[in-house]
Amino acid sequence: MPAEMTMLADHTARQLLDFSQKLDINLLDNVVNSMYYDVGSQQRLAQEVLTNLKDHPDAWTRVDTILEFSQNMKTKVCLDFYCYMWQAHKD
C-alpha cells in the first residue's frame with residue numbers, strides 16, 4: 001500500500017475519531033462512499049476507518065449529527081450500530 005494512502009487513512013481516522021472537534025459530515029460521507037464504491041486497498045482503508053469509529057465508546061454521541069446533516073443515505077444506513085449504542089447508553 002502506498003505511503004500516501006496510509007497517511008491519508010491515518011489523518012482521516014484521527015479526524016473522525018477526534019470527539020473534541022465537530023464531526024466532519026462530508027468526510028464521513030466520503031469514507032462511507034469509498035467503502036461502498038471503491039475497490040481494493042481504498043475500500044479496505046475506508047472499512048478500517050469506519051470500524052474504528054464504530055468501536056469508539058463515544059460513537060453513539062454522533063448519531064443525531066449524522067442523521068441531521070448527512071446527505072448520504074448510505075451513511076445513515078450505517079447507523080444501525082450507532083442507534084443500538086445510543087439506546088444502550090440511554091438505558
Task: Partner residues of Asp38 under the side-chain hydrogen bond (donor to acceptor under 3.5 Å, both in side chains) criterion, sequence neighbours left out - done: Ser34
TODO: With rounding to the nearest 0.5 Å, note down the distance linking CG in Leu28 to CG in Leu50.
DONE: 6.5 Å
Task: Value rounded to 0.5 Å, distance of OG1 in Thr12 from CD in Glu48 - done: 11.5 Å
TODO: List for me each residue that meets side-chain hydrogen bond (donor to acceptor under 3.5 Å, both in side chains) alongside Asn26, sequence neighbours excluded, and say none if there are none.
DONE: none
Task: Distance in Å, Ile25 CD1 paired with Ser70 OG, rounded so as to fall on 0.5 Å steps - done: 6.0 Å
Open item on the list: Between Val49 and Leu45, does the side chain to side chain contact (heavy atoms under 4.5 Å, CB included) criterion hold? Intermediate values first, please.
Closed with: CA-CA 6 Å; Val49 169; Leu45 288 172; 5.5 Å; no
TODO: Measure the spacing between CD of Gln43 and CG of Asn33 and express it to the nearest 0.5 Å.
DONE: 12.0 Å
- [ ] For Gln47, enumerate each residue passing the side chain to side chain contact (heavy atoms under 4.5 Å, CB included) test, keeping only those at least two apart in sequence or located in another chain.
- [x] Met35, Thr51
- [ ] State whether a side-chain donor-acceptor pair under 3.5 Å links Ser20 with Asp18.
- [x] yes
TODO: Measure across Lys76 and Ile66 and return the closest heavy-atom pair with its distance rounded to 0.1 Å.
DONE: CE-O, 4.0 Å
TODO: Kindly write out the residues that satisfy side chain to side chain contact (heavy atoms under 4.5 Å, CB included) with Phe19, not counting sequence neighbours, or none if the list is empty.
DONE: Leu17, Leu53, His56, Asp58, Thr61, Arg62
Open item on the list: I'd like to check the side-chain hydrogen bond (donor to acceptor under 3.5 Å, both in side chains) partners of Asn30; sequence neighbours left out, ordered by chain and number.
Closed with: none
